[in-house]
Structure formats: C-alpha cells, structure tokens
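Right, one structure below, let's go through it.
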There are 2 protein chains.
Amino acid sequence: MVTMSDVARAAGVSRATVSYALRGDPRITESTASRIRQVAADLHYNANLSARSLRSGRTGVIGVAIFELDRPYPSEMGAAMSREIARRGYQPIVQQTSGSKDDEVAILRKVTSQLCDGMIFSPAKVADEELRSLSHGKPMVLLDDLSPDPVFDSVATACEAGAQTAVGHLIEIGCRHIVVVGAPYEMLVEDRLASSVRGRRLLGSLRAFEQADIEVGPQNFFDIPLWTADAARASARRMLEADRYRGVDGVFCLTDTVALGFMRGLADCGVRVPDDLALIGFDGIAESEYSIPSLSTIRTNLDDLSRKAVGLLIDQIEHDGMTGDPQRLTADFDLVVRESTQR
Amino acid sequence: MVTMSDVARAAGVSRATVSYALRGDPRITESTASRIRQVAADLHYNANLSARSLRSGRTGVIGVAIFELDRPYPSEMGAAMSREIARRGYQPIVQQTSGSKDDEVAILRKVTSQLCDGMIFSPAKVADEELRSLSHGKPMVLLDDLSPDPVFDSVATACEAGAQTAVGHLIEIGCRHIVVVGAPYEMLVEDRLASSVRGRRLLGSLRAFEQADIEVGPQNFFDIPLWTADAARASARRMLEADRYRGVDGVFCLTDTVALGFMRGLADCGVRVPDDLALIGFDGIAESEYSIPSLSTIRTNLDDLSRKAVGLLIDQIEHDGMTGDPQRLTADFDLVVRESTQR
DNA sequence: TTGTAGGCGTTATCAA
DNA sequence: TTGATAACGCCTACAA
C-alpha cells in the first residue's frame, strides 16, 4: 500500500504538505500542489478512508437502507437516492434490511454509525426511540415515518392524497362498486390515526368515497396476506368468488406490485381489464408502463423524494445535526392514466 | 462516543483484555469475558470500524457493484448476493455503477479498497488489467468476465448453453422462422470469439440453429439500440414492418426485460403471444411470472450464482489472495416454460 | 509557505 | 491470564 509518506518522500516534501496540497488548502502554492498531485497520481496513491475517518470523523459516504433490493419500488428508490447522493458529491452505499428487525439493527450499529456520515432509512420494525439510541447521534433521515412524535427529519410519500386521487379517478370513470385491495375494512376503525403507510392509503381512499357520498362497508375492502405479487395473484380468485364482492367494477391496489399480481390473477380467472374491471395501482414502478394492459397508477416522483431526503440529510451532516424540530416533507406525485382504467 | 477504554475502566481491566474478551479469544477466562461483555452491552459500546480496519486491515464488509439498481435482473442479483454474504457472516453493501467508467473507477478506488475486504464486481467498461491495478491487491470476483486472459476469479451466467436451450425450445415447439432480438447478424462474424454476454448468447443461438440444420441469415437476427424495455417496445413495430422478417413465428429476446418490452410492442401492433408468435426471454426475473401472458425464459439460478461468487471471494479473503490460476465457474440455469411459448 | 508532533480507537507484540 | 505499549495512516494545531 502506498501511503502519504511515500508521496511525501517522492515529492520531497513533508506529509503535512501532501495532506494540504491534496485537499486543496490554499496555503500551498499552486506549483507545489500540482507537483504533489502528479506524484500522487503516478504512485496510484489513494487516501486511506479508515485513517481519514478515524481522524476526522468523516467518510464522505451516505448509506441508504431499503426493505428489499429485489422489489421494484424499493430498488427504484434506492437507485434514485444513489444518483442524488452521488450528484451531491457523496459516495452512496445501499443495504437491504429484508424487513427483519435484527438486520435493521445490525445495519444501524455496524454500518451507519461506522462507515457513513449519515443514513437514509426506511424503518419497518424499529421504533423511533430505539433508532435514536442506535444512531448514536449520526444524521439520519427517515422515509415514511408516520410516528406521531417524530425524532428525525423525514420524507413521506403522499399516501393520503395519492390514494384519494386513485379512488377519485375510479369514481370519475364511472365505477360503481370499488374495492380497495391490500388492507381490511376493520383497519379503518382500528387505525383511524393511520400511523402506517397502509393506514394512510386506506384513509385517503375513504376520503374519496366520502367526497363522492359513497357509503362504504366491508364489501369495499379486501385484505391480502402480504403485499406481494404472489399473494395478490392468489387472492384475486378468492375475491371474485366471494359473494360480498359480486359486481366489482373498479379496484385500487395499494401498490403496483400488488396491482400487477392481482391483474395476473384476474387473467387467470378470465376477467378482462379494463373491460370487466378497471384497475389502478400506487407507486409508479417501471413495469406498470409495460404490462398488458398498461397499469394506471399514482406515481411517486422519486427524483423529488430523493432530492428532499438527501437535502435534509446533507443539511444535517454539514451543519452538525438538526437545527430545530424534526421536519417532515412530502414527495410529489401524479396520476398516470393508462389502459387499465381506460373506458 | 464510548470507546474501549471506557469499557476497560468500567470493567476494571485493560483495553487489551477487553479487545480479546469481545472477540472471543480463548485466553481470557469465561468469567472475565462474560463480565466484560455485560459491561460493554450496558454502555452500548460498539467497536469503531475505522479504527479496527486501520489497525487490522479487515472490515468484515463485502461490496457488490452492479450495473443499475433499478433494473430487475441486476437488482435481483444484488439481493441474492446480499443474502449470501450475510449468511456467510459478512456485511453486504451494494453500489450501482450506472455503467459509466468513471463510476466504476470511483467505486473501486474509494470503496472497494477502503471499506471492503473484497468485492463482487460486474465490469462493463473497465478492462481486466486496469482492474488489477485499481483493486490494489484486494480480493475480487468478477461476474460475466469473458476476457480471454482472466486476472480474477469469476462466475459467468450460462450464456451459450442457455441461449442454445432457448432457441432449441422454439424449434421444438415448431417455430419455422425464428428471430433473435438484441444483437445484429453482423456480430456473429465480428465477434466469433464471443467475448461479451451478447456475443455468447448469439453464439448459443447459432448452435441451436446449426444443430437443427437451419440455415441462418440476417433475417434471423434483429438488433435493438439498447437492452431496455423502452427500446424493445419501439423496435417491435419496426421488425414487424420489415420485409425481411415477414412470417416470424418465434422470437428469442436476449434478456427478459427486452422480452417484456418487446411483448408490449407486439401488443401495440395487435400481434398475439403465443398465438401469432412464440416468445422466450433470458434471465428469469420475477416479473416474467406475472406478465400477461407469462413469459417463458432461461432462468439463471441466482442462489447458485451467489454461492459460487461469494464462495470464491471469501476463499480469497480468508486465505490471503488467490491460490493458483484464476477460476471461472458457471451458474446453473433452467428452462422455464410458460404461456408465451405454449402452443 | 512548510514541517513537527500528537492523537483518533483498535489490535498485536511483548513482557509480567 | 492479563497489562503496557507501539503501531496502523491521516489530519491539524502550532512552530519554524
């Protein structure tokens, strides 16, 4: 390994001079500095991150922890975050939490507080208070943290407004019996506070029903065991066969992945979209554009989400922590109308 | 921050003893060790990775650099690698190279050689020799590195055998005019050595044609500008309108993403799959199971790929470098027959 | 404008 | 079985 001392020796200066020169400190003359840069390049010198970090407490790395790397929405989000982090001059690293609490904790302990100057984190299992102690004061921005008593800055997707728009769209194109797929009716009662993404999207749906003076009951909600394409596909038949859902002509799936799985399940049963039934999703994943039929959806603007999240985080990093109360921003979204709701 | 000294003081022992105890060194009595672990836990002590790494040269982190985080195949691969790395007791981090050479180089210089004990890397733009110097002797395993003169251990997808199986399947179900989408006919001549994934898949296709005594020409190959769903979708119409491809009844797309985009493009033109035209892809991404119609494909076994790649890498890490010549393994695959080739 | 020196938290080598 | 001590490579006051 070639160290700073090697560069210093080769350039005939001291280690300190090399350090200053490479970091662009103005006190070193340009001629000396450029000679040193040349020597460093010739020797393939690379500053040792561990040493620098040990000494300065900075690594220039920002971490992004997402749920599952192999699901479309989280991975598109991770990609957008990575691009924005790089654009802001930091090195992005991505990790998957797999939704297990142990993984979340391990990542926080080992990686965040060690390798990263800050972290963008989407907490699934770890509570806000625990996060605070795990973060050891390191800057952190949360995604879709809906806890009533936030500890960190956060950015949320527009769950309520988006869901309201989705269901509103179904109503507008003339659907008479609309079902929201992905959460049970009972949840409306239990989680009226809507401290989860599911709850928030449910709430937004309810708003749309209320606004159109549509009375809702269990027949307007259909739960599935997991938000996966598999579960959604299998569930479609169950819904079609249930008396309660007879005559459904419009479905809002709480995510695009669920929508695509559900659409596939409908195809398995010979139900045509949009002819027999209109379908809309939520997220705006890439596949929604290429599916047959293409899927209408509420598209979260991931560039906007990333800009907001990374912006908040870098503010914290560069100003030594949060200034004032935790902020909560919301990402832009738009309604994308495609074939699946074309009547 | 709570350091080792704090733990040592609180436990009434020296720093060295703490270090040994926490790392399970047998020379510390179990009673002392467990007392120290208790104290460390009480104080929420976390070993400082930078310091540990500076001193020992190990971080316990393995990096995975993939092309694009938001494309299905790379992201599924990243997820599988992450799981395998974690299973082997290391911390996985993932980075996207975006296919730009600068990004690849930056990641190698800043992250690999610094934060990671080793790296799994899929080189797009950087040549083997350059990699060697960038890696600074750090363990590395490459994916789909087909250079004739390998420098690193690598794992490849079964491009040739897979493509041969795919085209063979189309022939078997009775297709008479088969087109390979994703590379031009001319490439067959230019790249007979097949030092790229594209070339290898082309070569495999050719084998299948030869084996069935089918003469091939430009009418059996159709190039698209990029391996994206977008480009594939737009290209479908162009192919259907070209004289040369009149009467096509079977298509092998060089990746699933291309296949799904192409299928969408066929739908745009009113061509039905599989009735008018059978279609098969390559990779085995999750969406291929849920598309309408579902997509037949050559599925790369990502668990097998990960086990092989991570296995090779950890061998290098734990035995201080490669032993002997670079190895080249190949991942298992299987043919998955679905609706798109059901006749 | 450049050099000297001390220390960041850990691990490894000794010595006790 | 444990403890003192010297690195690891870099950064930064401070001295020259």
Side-chain angles (χ1 to χ4, degrees), chain A residues 1-37 39-40 43-61 109-111 113-117 136-138, chain B residues 1-37 39-40 43-61 91 109-111 113-117 136-138 320:
Chain A
M1 167 176 263
V2 29
T3 77
M4 211 170 210
S5 305
D6 300 322
V7 177
R9 201 174 317 115
V13 296
S14 77
R15 277 163 24 198
T17 307
V18 174
S19 175
Y20 291 133
L22 293 182
R23 300 159 88 268
D25 191 300
R27 79 181 91 177
I28 306 293
T29 39
E30 179 46 33
S31 67
T32 319
S34 82
R35 195 180 80 245
I36 290 174
R37 279 194 300 270
V39 171
L43 296 178
H44 297 293
Y45 168 75
N46 271 300
N48 179 315
L49 245 192
S50 301
R52 167 175 294 170
S53 149
L54 179 58
R55 173 62 227 220
S56 69
R58 288 283 179 89
T59 62
V61 174
R109 297 170 72 105
K110 296 221 177 139
V111 183
S113 34
Q114 308 287 345
L115 301 179
C116 301
D117 291 345
H136 284 291
K138 276 272 173 125
Chain B
M1 169 177 261
V2 29
T3 77
M4 208 171 224
S5 303
D6 300 323
V7 177
R9 200 173 318 115
V13 294
S14 78
R15 277 164 14 197
T17 306
V18 173
S19 176
Y20 290 134
L22 293 182
R23 295 185 303 122
D25 191 299
R27 79 183 91 175
I28 306 292
T29 41
E30 178 46 34
S31 65
T32 318
S34 82
R35 194 179 81 243
I36 290 174
R37 278 195 301 271
V39 172
L43 296 178
H44 298 292
Y45 168 75
N46 268 300
N48 179 316
L49 247 192
S50 300
R52 167 175 295 172
S53 150
L54 179 58
R55 177 62 230 212
S56 71
R58 288 285 180 88
T59 62
V61 174
Q91 279 282 332
R109 297 170 71 105
K110 296 224 177 137
V111 183
S113 35
Q114 307 288 346
L115 301 178
C116 302
D117 291 346
H136 284 292
K138 277 271 172 124
D320 268 355

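Computed over heavy atoms, backbone and side chain alike; hydrogens, waters and symmetry mates excluded. Just so we're on the same page: letters track the sequence lines, and every chain starts at 1.
- Side-chain contact check for B:V7 versus B:L43: some heavy-atom pair is nearer than 4.5 Å.
- Straight-line distance from the CG atom of A:L22 to the C1' atom of D:dG9: 13 Å, rounded to whole Å.
- In this model, the phosphate group of D:dT12 is approached by a side-chain N or O of A:R23 to a distance below 4.0 Å at OP1 or OP2.
- Salt bridge absent: B:E30 and B:R35 never bring a charged side-chain N and a carboxylate O closer than 4.0 Å.
- The residue A:S53 sits apart from the nucleic acid: no heavy atom pair falls under 4.0 Å.
- Residue side chain B:Y20 does not reach the base of C:dT10 through any donor-acceptor N/O pair under 3.5 Å, judged by distance alone.
- We find that CG of A:L54 is positioned 14 Å from P of D:dC8, with the value rounded to whole Å.
- One finds a side-chain N or O of A:T32 lying less than 4.0 angstrom from the OP1 or OP2 phosphate oxygen of C:dT2.
- Nearest-nucleotide positions on DNA chain D for B:S56 and B:V13 put B:V13 closer to the 5' end.
- Atom CG of B:D25 is separated from atom P of D:dT2 by 11 Å (rounded to the nearest Å).
- The side chain of B:A51 approaches C:dG9 more closely than any other nucleotide in the set D:dG9, D:dG3, C:dG9.
- The shortest distance between side-chain heavy atoms of A:Y45 and A:V39 does not fall below 4.5 Å.
- Computed from coordinates, the A:R27 CZ to D:dT12 C1' distance equals 8 Å when rounded to whole Å.
- Between B:N46 atom CG and C:dG9 atom P there is a gap of 14 Å when expressed in whole angstrom units.
- With contacts defined as side-chain heavy-atom distances shorter than 4.5 Å, the pair B:N48/B:T3 does not qualify.
- Using a 4.0 Å cut-off, some side-chain N or O of B:S19 falls inside it from OP1 or OP2 of C:dT11.
- Regarding A:R9, its CZ atom lies at a distance of 13 Å from the C1' atom of D:dG9, rounded to whole Å.
- Side-chain atoms of A:R15 stay outside donor-acceptor range of the base of C:dT4, with no qualifying N/O pair under 3.5 Å.
- By the 4.5 Å heavy-atom criterion applied to side chains, B:S19 and B:R23 are counted as neighbours.
- Taking side-chain N and O atoms only, A:T29 has no distance below 4.0 Å to OP1 or OP2 of C:dT1.
- Residue A:M4 is classed as a sugar-phosphate contact, given heavy-atom separations below 4.0 Å to backbone atoms only.
- Within the nucleic acid shown, A:R52 comes within 4.0 Å of sugar-phosphate atoms alone, with no base atom in reach, counting heavy atoms only.
- Within the structure, a side-chain polar atom (N or O) of A:S14 is placed less than 4.0 Å from OP1 or OP2 of C:dG3.
- In this model, a side-chain donor or acceptor of A:R55 finds a partner on the base of D:dC11 within 3.5 Å.
- For the residue pair A:S50/A:S53, the side-chain donor-acceptor check at 3.5 Å is not satisfied.
- The side chain of A:S50 places no N or O atom within less than 4.0 Å of a non-bridging phosphate oxygen (OP1 or OP2) of D:dC10.
- In this structure, B:L49 atom CG and D:dG9 atom C1' are separated by 16 Å, rounded to whole Å.
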